[in-house]
Structure formats: structure tokens, C-alpha cells
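The figures that follow rest on heavy atoms only: side chains count, while hydrogens, waters and symmetry mates do not. Quick caveat: nothing in here was measured; it's all calculated off a predicted structure. All ligand and atom numbering here is 1-based and tracks the order in the structure.
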Amino acid sequence: MKRTLKVLRYDRSGKCSYWQSFVYGTENEHETIATALKELNRRDNLTDAEGNRALPIKWECSCLQKKCGACAMLINNTPALACDTKLNDDDRKVIELAPLEKFPVVEDLIVDRSVIFDNLKKL
Ligand code: FES
């Protein structure tokens, strides 16, 4: 199974966002987005779909068991957990990954969720 992961990247130095696509293939049709991101970042020479060198994709994960919310992101424009979304959840060949919209972007798919924790402390 082959999918294209189209990732909204954030260039901190230029303070701008841009889309970058990565081709990802796997034999495991039930693999999650989280596993795909880990495998892409594990590559020694990560290249994008056009063959250009790419920096590792910045994203967060912790439990990988749908408990902590660290891997929350927009998957095809819908908030979802990367560790709970499978590559074959729908028939799309291109899967768009973007940071959650309601929080400041730190890097790529990482957002600053400290406002949540601050509000929880107040409660
Ligand atoms: S890594 Fe904890 S919910 Fe996905």
C-alpha cells in the first residue's frame, strides 16, 4: 500500500508555512499515521516526493495508545489522533497533515497547548 503524506511544514526562521509531500509505502494496511511518521523520520536521508532532501518532520507523541493527546493534529482537515488514524481509514491516496488550528504553531505539526494545562491548573 502506498500513500502520499502531504505535511504542512513550518519554517521557524522564515516564519512561513509550506506543504511538503512524502511517499510512504508499507505492507501493513492497518498501519497508523503515527507509525508512518516515525518510519519516515527514521530514514537516514529523508527526501520528499520530488526527491529533495527534507528535514525530519516535527510532531509529538507519547503514549501511542490514544490516551495523552500529544499526537493530535488535523488529518484531512479533521482533528484526530495520529496514533488512532490508520493509513487506510479512507480511500484517499493523499493524506493531508496539518497542525491544530486553535493553538500557536511551534514547528510543523507541533503546537503550543500550554493554555490547556494552564486552565486545568486554575480549575
Ligand atoms: S501518542 Fe498519546 S494519544 Fe497519540
Side-chain angles (χ1 to χ4, degrees):
M1 176 179 62
K2 219 176 230 184
R3 291 286 187 269
T4 297
L5 298 184
K6 188 176 170 189
V7 181
L8 188 59
R9 317 253 359 219
Y10 182 69
D11 178 355
R12 290 176 78 165
S13 58
K15 295 190 181 260
C16 61
S17 296
Y18 61 97
W19 289 100
Q20 190 169 34
S21 295
F22 300 88
V23 176
Y24 181 74
T26 178
E27 298 298 316
N28 180 359
E29 59 187 52
H30 301 297
E31 200 165 291
T32 64
I33 301 287
T35 301
L37 288 170
K38 282 179 150 201
E39 290 300 321
L40 283 171
N41 282 344
R42 201 171 287 168
R43 293 178 181 170
D44 286 335
N45 295 314
L46 179 61
T47 55
D48 65 16
E50 278 110 38
N52 302 311
R53 282 291 300 267
L55 294 171
I57 302 161
K58 304 288 194 301
W59 68 291
E60 285 185 311
C61 71
S62 181
C63 68
L64 292 175
Q65 300 197 0
K66 310 171 230 170
K67 302 278 187 230
C68 71
C71 67
M73 60 183 70
L74 293 179
I75 300 175
N76 291 329
N77 287 315
T78 302
L81 298 173
C83 68
D84 189 34
T85 305
K86 296 182 176 58
L87 291 168
N88 67 349
D89 272 357
D90 62 35
D91 292 337
R92 293 180 217 207
K93 298 292 181 210
V94 177
I95 300 169
E96 285 189 3
L97 306 178
L100 293 174
E101 290 178 330
K102 304 286 184 196
F103 304 96
V105 177
V106 176
E107 243 181 318
D108 294 344
L109 304 172
I110 301 174
V111 294
D112 179 359
R113 298 183 303 153
S114 58
V115 67
I116 293 175
F117 304 114
D118 292 345
N119 287 337
L120 283 172
K121 281 182 202 165
K122 285 180 198 164
L123 286 173

TODO: Any atoms of ligand 1 less than 4.0 Å from a non-hydrogen atom of Leu64? List them with their elements.
DONE: 1 (S), 2 (Fe)
Open item on the list: I need the atoms of ligand 1 closer than 4.0 Å to a non-hydrogen atom of Ser62, numbered in the order shown.
Closed with: 1 (S)
Task: Identified side-chain contact (heavy atoms from CB on, under 4.5 Å) partner of Leu5 from the options Asp48, Val94, Ile57, Leu87 - done: Leu87
- [ ] For the residue pair Asp112 and Ser114, confirm or rule out a side-chain donor-acceptor distance under 3.5 Å.
- [x] yes
Task: Between Asp11 and Ser13, a side-chain donor and acceptor under 3.5 Å - done: yes
Task: Vertex atom 4 (Fe) of ligand 1, arms to Cys83 SG and Cys71 SG, rounded to 10° - done: 100°
Open item on the list: Suppose I only count heavy atoms of Lys66 and a 4.0 Å limit; which atoms of ligand 1 are within that range?
Closed with: 3 (S)
TODO: Would you mind telling me which of Leu81, Ile33, Leu37, Leu64 makes a side-chain contact (heavy atoms from CB on, under 4.5 Å) with Cys71?
DONE: Leu81
TODO: Examine all N, O or S atoms of Cys63, backbone included, and report whether one is under 2.8 Å from atom 4 (Fe) of ligand 1.
DONE: no
- [ ] Report yes if some heavy atom in the side chain of Leu97 is under 4.5 Å from a heavy atom in the side chain of Ile75; otherwise report no.
- [x] yes
- [ ] Considering the heavy atoms of Lys67, write down every atom of ligand 1 situated less than 4.0 Å from one of them.
- [x] 3 (S)
Open item on the list: Once rounded to the nearest 0.5 Å, what's the spacing between atom SG of Cys83 and atom CD of Gln65?
Closed with: 8.5 Å
Open item on the list: How far is atom 3 (S) of ligand 1 from the closest protein heavy atom, and which atom is that?
Closed with: Gly69 N, 3.2 Å
Task: For Cys68, atoms of ligand 1 separated by under 4.0 Å from a heavy atom - done: 1 (S), 2 (Fe), 3 (S)
